[in-house]
Amino acid sequence: MVMAQTRQQDWFSEVDLYLFGEGTHYRIYEQLGAHLTERDGKSGVYFAVWAPNAQNVSLVGDFNNWQAEHTNMKRNMMGIWEIFMPGMKEGEKYKYAVKNHHGYNCFKTDPHGFEQEIRPATASIVRDISYTWGDRTWLTQRKENHSYEKPISVYEVHLGSWMHENIENPPENGVIVPVPDKQGARFLTYRELADRLIPYVKDMGYTHIELMPITEHPFDGSWGYQVVGFFAPTSRYGSPQDFMYFIDRAHQEGIGVLIDWVPGHFPKDEHGLARFDGTHLYEYSDWRKGEHLEWGTLVFNYERNEVRNFLIASALFWLEKYHIDGIRVDAVASMLYLDYEREVWVRNQYGGRENIEGIDFIRQLNNAIKENYPGVLTIAEESTTWENVSQPTKYGGLGFDYKWNMGWMNDTLKYFLAHPHDRPNFHNKLTFSMWYAFTEHFMLSLSHDEVVHGKGHLWQKMPGDEWQQMANMRLLFGYMFAHPGKKTLFMGMELGQRREWKYFLDLDWWLLEWQPHRQLQQLVKDLHILYRSQPALYTDDFTHDGFQWIDCHDAGRSMLTFMRRDKNTHEVLVVVCNFKPDVYYHYWLGVNEAGTYEEIMNTDDLKYGGSGVVNQKVKTKDWNHCPWPYALEITVPPLSMTMFKKVK
């Protein structure tokens with residue numbers, strides 16, 4: 001066993017207490033919680049918990065038969081309760097018996113605990129989280145890899161339903177062998193997922209894996225978004241070191257790891273943060289601010305320095321101890337607005353609806369990450385028109401690196417829901433995104449939120465017969481990869497999943513027994529190859545210089561044509577999107593430069609299950625049709641995205 005630290009002096013110095021009270025002790029997790037250490041020549045565990053309004057706090061566990069007030073802790077001036085337990089070892093289960101002013105003891109999980117029991121058990125576990133890493137090269141190059149001028153494509157994953165143990169054959173060369181799923185099968189462990197998920201993601205061409213919250217949570221059906229363990233990876237899939245191994249393996253394979261992180265709310269479970277010391281310690285005391293009635297959760301009190309310290313320390317903990325490459329902050333809008341999904345709410349001091357302390361917390365969070373971990377990404381799931389979400393705080397922004405483009409997602413899916421004959425009436429759903437595409441650093445996202453709660457999976461949203469449904473899927477992905485912005489796709493979309501995602505079932509890997517689904521998966525793989533090999537698709541995602549319409553007004557034929565331009569070489573790719581199942585012959589496509597152009601992607605290719613309407617190399621013709629001096633005479637395939645590149 002490796003001792004986390006050795007301390008002979010007071011566990012908390014005056015500086016520690018000052019910084020904690022100020023809300024800037026970002027490594028407070030090294031003192032609060034349970035720590036293997038030595039004191040006065042004896043090995044054991046030091047426990048510390050913040051509960052300033054408790055009448056008494058005692059440590060309980062197997063060592064004292066879970067009897068409250070048998071092992072009382074000592075309170076310091078900051079309301080932190082401490083005790084050193086000589087002889088206690090790693091693996092010991094424990095809780096805090098927190099006695100309120102009514103004399104009632106409530107058994108609480110350690111807010112800073114590094115591990116918890118597998119649900120439904122809720123005790124914290126003493127754990128050494130040391131690990132020998134092998135990802136130095138990745139960490140050294142990470143800042144460069146995360147430049148705005150680099151390709152970023154994220155595979156969003158729920159570890160509990162990507163695949164269970166019911167795989168009959170091991171993967172070969174990253175290819176998953178499809179088998180029928182079994183409800184209730186054993187979860188794959190972090191180490192098993194490292195052997196199966198990481199090769200799959202690498203083979204498909206994604207640059208990052210985004211994990212739906214792996215912070216410990218009591219209820220599987222919350223998907224991880226109602227957290228009780230902000231410093232503990234869920235034990236459903238293994239130990240902290242097992243999770244570190246997963247991340248280490250990903251980095252060694254050139255894959256970044258992002259996690260969803262949830263600082264907007266927390267559940268009311270008695271063993272968690274709710275009324276932790278008998279008072280509203282972590283949450284606002286006024287229910288109009290402190291509770292999300294629709295979600296059944298409580299809201300963090302961002303006015304309180306110690307609460308902001310707790311949350312920011314949690315975020316930095318994952319970056320420091322687990323080498324996480326970025327966080328996607330969930331439900332940012334709920335932290336920005338006091339009236340978010342509320343009928344009754346409290347105005348701020350200026351009479352407005354903005355949550356001023358929530359905004360300050362977000363800026364403090366992003367500043368702390370940028371200062372301490374340059375190169376780590378922060379991504380906002382922000383569903384409103386709040387300005388400058390992804391601009392630096394020094395310019396009045398919130399400080400995120402990226403914002404999910406929820407507008408693009410909503411408009412695009414509404415468009416695809418329409419029957420092709422009706423699509424001319426919805427043409428503005430496609431073109432509107434370019435009015436605001438460069439106001440933020442956007443990430444295009446087709447996430448888990450679009451395939452649950454009765455919405456159906458992507459395949460179910462597509463109109464027409466089965467061939468047209470698949471053609472629409474291919475077109476959607478092709479359009480997404482051609483559109484400015486980084487990319488995120490939820491697991492299973494690449495398979496053409498035919499039913500809503502369920503958190504307790506595997507993905508429908510058996511669909512790969514059908515050729516159309518294998519062909520769709522191959523298209524997604526080839527789109528990644530195209531995306532990563534063509535700088536015009538990623539070097540200039542966030543300025544007008546990287547994009548130019550050729551024709552955005554052809555609503556009658558439901559067509560869009562545009563160019564993407566490489567920031568460094570100014571090389572151009574020409575994109576044609578046909579959203580109708582019609583073939584257009586002798587279509588003149590305007591271009592700036594004369595020469596020969598080659599079709600480098602066609603989602604209607606036979607190898608993807610298309611109709612096989614393709615173009616060979618095409619030479620330009622003089623057109624002098626303002627503003628295009630030249631044109632390509634092409635055949636436009638049905639329900640397709642085609643892309644051309646000048647070769648000479």
Side-chain angles (χ1 to χ4, degrees), residues 412 415-416 418-424 427 430 458-459 462-483 494 496 514-531 534 537 550-564 572-591 595-621 623 628 630-647:
T412 301
Y415 181 87
F416 272 87
H419 190 280
H421 296 311
D422 296 327
R423 286 177 176 175
H427 196 68
L430 293 179
L458 288 188
W459 187 86
M462 301 301 162
D465 57 24
E466 285 202 7
W467 187 90
Q468 290 189 359
Q469 286 179 288
M470 275 299 182
N472 273 296
M473 287 284 289
R474 295 192 298 268
L475 170 56
L476 172 61
F477 293 149
Y479 171 59
M480 178 182 186
F481 275 80
H483 192 287
E494 78 279 11
W514 295 1
Q515 186 179 22
H517 292 272
R518 291 198 304 273
Q519 291 169 323
L520 180 66
Q521 185 189 46
Q522 184 63 48
L523 171 68
V524 175
K525 182 176 179 179
D526 288 354
L527 283 170
H528 276 107
I529 294 172
L530 176 75
Y531 175 55
Q534 300 297 326
L537 294 177
I550 298 173
D551 189 353
C552 62
H553 301 295
D554 197 352
R557 286 184 286 197
S558 295
M559 286 184 59
L560 292 179
T561 53
F562 55 88
M563 296 180 182
R564 295 297 310 277
V572 166
L573 298 179
V574 181
V575 180
V576 180
C577 294
N578 176 13
F579 296 91
K580 279 192 174 182
D582 303 321
V583 179
Y584 299 113
Y585 299 95
H586 308 294
Y587 182 86
W588 282 51
L589 176 66
V591 293
T596 300
Y597 287 71
E598 182 179 11
E599 187 179 79
I600 61 173
M601 172 54 69
N602 184 338
T603 64
D604 190 54
D605 196 298
L606 287 173
K607 66 181 177 180
Y608 304 131
S611 63
V613 177
V614 298
N615 295 271
Q616 304 301 321
K617 290 183 179 179
V618 184
K619 292 185 178 180
T620 55
K621 298 181 177 182
W623 197 15
W628 312 111
Y630 310 102
L632 301 174
E633 186 177 356
I634 64 172
T635 301
V636 181
L639 292 171
S640 66
M641 185 280 287
T642 50
M643 188 178 294
F644 297 86
K645 181 178 180 179
K646 185 174 179 289
V647 291

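Contact of the P638 side chain with the Q468 side chain is not registered, since no non-hydrogen atoms from C-beta on lie closer than 4.5 Å. Annotation: side chain of L527 is in contact with side chain of M601 (closest heavy-atom distance under 4.5 Å). Under the 4.5 Å side-chain criterion, counting only non-hydrogen atoms from C-beta, Y479 is not in contact with T603.
Looking at W588, its side chain never comes within 3.5 Å of a backbone N or O of I634 through a donor-acceptor pair. Side chain of R564 to backbone of A482: a donor-acceptor contact under 3.5 angstrom is found. Of the possible donor and acceptor atoms, none in the side chain of H427 sits under 3.5 Å from a partner among the backbone N and O of R423. Between the side chain of N578 and the main chain of S640, no donor-acceptor pair closer than 3.5 Å is present.
Checking Q469 against N472 by side-chain atom types alone, no donor-acceptor pair falls below 3.5 Å.
Counting only residues at least two apart or in different chains, salt bridge (Lys or Arg N to Asp or Glu O under 4.0 Å) contacts with residues 517-527 comprise D203-K525.
Remark: H586 NE2 is loosely packed, at most 12 non-hydrogen atoms of other residues, nucleotides or ligands lying under 6.0 Å away.
In this structure, F579 and F416 have perpendicular ring planes: the angle between them is above 60°, well past the 30° mark. Ring geometry for W514 versus H517: interplanar angle of 30 to 60°, hence tilted.
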